[in-house]
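In what follows, a single structure is set out as structure tokens and then discussed.
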Amino acid sequence: MKIDHNTVAVITGAASGIGRALAIRLAAEGAHLAISDVNQNGLEETAQLALKRAAKPGVKISTHVVDVSDRERMQAFVQEVLAEHGRAHLVINNAGVGLGGTTEELAIEDYEWLLGINLWGVIYGTKLFLPILRQQPRGHIVNISSVFGIVAPPGHSAYATSKFAVRGFTESLRHELKGSPITITSVHPGGIRTNIARNARTGAGVDPSVVEREIEFFDKVAKTLPETAADVIVRGILNDKEKVLIGSDAWLIDKIQRLMPVRYWNLLGKMLEKMAQ
């Protein structure tokens, strides 16, 4: 898909991390932006940073405080985008949260909270904007999954459930839209240097010391910068890539899973234990 001064890009979860980096990167390409998040202050910071990097003075950026798990708010968000920009060509469903704890440690309400954001946010963003994309000569949807949509580590059943579901939803949609002017990209980042681990919720039964060790481990192994991730995603959009892996760790994990589709954790678990030492 071509990105230029005629493109209107919608990005959820844009107050920080990959979402912020994508807003800045797309503004540098000349795209107009409709960015959303629950964090209004972070959202305004993103807008200012994106305007500074904008390819031309005429780039328009609108900010929208949106909880992607709220269907009515998402429906209103679509109308706000149309009122501000009149159209949308690119939708990036990026908003996501983390949740630590084993299946036994997590409450049903924990799963409902995470799936509301990580899965339903993607479904709402896709379903509600799809009719708008249909009205354009070309459209593109990017759904952010994870390497945890390729492998499922212990202690992350809620997160892996959501990211496997995003992957399946996106792949099915791609097959449905084959031959249409709308292209679909599924994105699988490895360890990205964001605050998702530090800001993740934990189940009531989770030992706080375990949580702290996981955060320290994530900080140690998350090597890829959000800006690098944004560059990779934008290249994927420009080249109509169906699947995008971000980071050498994501490429390695994907390869191991394909070589060992059932017993991949026998190897990956040992590798992670060594890295934690």
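- Considering only residues two or more places apart in sequence or on other chains, His85 meets the ring pair (Phe, Tyr, Trp, His ring centres under 6.0 Å) condition with none of them.
- Considering all non-hydrogen atoms of both residues, Gly191 and Asp249 come closest at N-OD2, 2.7 Å.
- In this structure, Glu227 has no side-chain hydrogen bond (donor to acceptor under 3.5 Å, both in side chains) partners at least two apart in sequence or on a different chain.
- Formation of a donor-acceptor pair under 3.5 Å by the Arg20 side chain with backbone atoms of Ala14 is not found in this model.
- When atom types are taken as modelled, the side chain of Ser172 and the backbone of Phe169 share no donor-acceptor pair closer than 3.5 angstrom.
- Residues meeting the side chain to side chain contact (heavy atoms under 4.5 Å, CB included) test with Ala23, sequence neighbours left out: Ile11, Leu33, Ile35, Thr46.
- Closest of all the heavy-atom pairs between Leu99 and Ala158 is CD2-CB, 3.7 Å.
- Take Glu29 and apply the side-chain hydrogen bond (donor to acceptor under 3.5 Å, both in side chains) test, not counting sequence neighbours, and it matches Arg25.
- His156 places no side-chain N or O within donor-acceptor distance of the main-chain N or O of Ala152, the cut-off being under 3.5 Å.
- Val81 and Val65 fall into different hydrophobic clusters, where Ile, Leu, Val, Met, Phe, Trp and Tyr side chains are chained together by heavy-atom contacts under 4.5 Å.
- Nearest heavy atoms, Gly190 versus Val147: CA-CG1, 3.7 Å.
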Please tabulate, one pair per line, all N/O donor-acceptor pairs under 3.5 Å involving side-chain atoms of residues 123-133, not counting sequence neighbours.
| from | atom 1 | to | atom 2 | distance (Å) |
| --- | --- | --- | --- | --- |
| Thr126 | OG1 | Asn93 | ND2 | 3.2 |
| Thr126 | OG1 | Val122 | O | 2.8 |

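- Leu90 is not connected to Ile24 by any chain of hydrophobic side-chain contacts under 4.5 Å among Ile, Leu, Val, Met, Phe, Trp and Tyr, and they are in different clusters.
- Thr103 pairs by the side chain to side chain contact (heavy atoms under 4.5 Å, CB included) definition with Tyr111, Ser157, not counting sequence neighbours.
- Partners of Ser145 according to the side chain to side chain contact (heavy atoms under 4.5 Å, CB included) rule, which considers only residues two or more places apart in sequence or in another chain, are Lys163, Val166, Arg167, Ser186, His188.
- Sorted by first and then second residue, the pairs that involve residues 255-268 and meet salt bridge (Lys or Arg N to Asp or Glu O under 4.0 Å), not counting sequence neighbours, are Asp254-Arg258.
- Atom CG of Leu252 and atom CG of Leu268 lie 7.0 Å apart (nearest 0.5 Å).
- In this structure the side chain of Val68 reaches within 4.5 angstrom of the side chain of Met74, judged on heavy atoms.
- Between Ile253 atom CD1 and Ile150 atom CD1 the span is 8.0 Å, to the nearest 0.5 Å.
- Checked by atom type and distance alone, the side chain of Ser36 never pairs as donor or acceptor with a backbone atom of His64 at under 3.5 Å.
- For the atom pair CG (Leu106) and CG (Leu114), the distance works out to 9.0 Å, reported to the nearest 0.5 Å.
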Inset, instruction - Applying side-chain contact (heavy atoms from CB on, under 4.5 Å), run through Val244 and Val142 and close with a yes or a no. - result: CA-CA 10 Å; Val244 171; Val142 178; over 6 Å; no
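- Hydrophobic cluster membership is shared by Val234 and Leu51, with clusters built from Ile, Leu, Val, Met, Phe, Trp and Tyr side chains linked at under 4.5 angstrom.
- Qualifying side-chain hydrogen bond (donor to acceptor under 3.5 Å, both in side chains) partners for Gln75, counting only residues two or more places apart in sequence or in other chains: none.
- Screening residues 237-274 for ring-ring contact (aromatic ring centres under 6.0 Å, His included), with sequence neighbours left out, gives no hits.
- Once rounded to the nearest 0.5 Å, the distance linking CG of Leu43 with CD of Gln48 reads 11.0 Å.
- Under a cut-off of 6.0 angstrom, the local environment of CG in Leu259 is crowded, with over 12 non-hydrogen atoms contributed by other residues, nucleotides or ligands.
- Nearest approach of Ile144 to Pro189, heavy atoms of both residues: CG2-CG, 4.1 Å.
- Of all heavy-atom pairs between Leu177 and Ser180, the closest is O-OG, 2.7 Å.
- Put simply, Leu272 and Tyr159 are part of the same group of oily side chains (I, L, V, M, F, W, Y) that touch within less than 4.5 Å, one to the next.
- Here CD1 of Ile141 is found 11.0 Å from CZ of Arg174. Values are rounded to the nearest 0.5 Å.
- Within the 4.5 Å cutoff, side-chain heavy atoms of Lys60 are placed close to those of Glu84.
- Remark: side-chain polar atoms of His89 are paired, donor with acceptor, to backbone N or O of Val8 under 3.5 angstrom.
- Under a hydrophobic-cluster definition in which Ile, Leu, Val, Met, Phe, Trp and Tyr are linked whenever side-chain heavy atoms come within less than 4.5 Å, directly or via other members, Ile117 and Val78 are assigned to the same cluster.
- Scanning for side chain to side chain contact (heavy atoms under 4.5 Å, CB included) contacts around Asn6 gives Asp4, with sequence neighbours left out.
- Among all heavy-atom pairs drawn from Ile192 and Leu225, the shortest one is CG2-C, 4.2 Å.
- With a 6.0 Å radius and a threshold of 12 heavy atoms from other residues, nucleotides or ligands, Lys243 has its NZ atom above the threshold.
- Looking at Thr224 and Val232, their side chains never come closer than 4.5 Å, going by heavy atoms from C-beta outward.
- Under the 3.5 Å distance criterion, the side-chain polar atoms of Thr12 are matched with a main-chain donor or acceptor of Asn94.
- Residue Asp37 holds its CG atom at 11.0 Å from CD of Glu44, rounded to the nearest 0.5 Å.
- In this structure, the side-chain hydrogen bond (donor to acceptor under 3.5 Å, both in side chains) partners of Asp240, at least two apart in sequence or on a different chain, are Arg138, Thr183.
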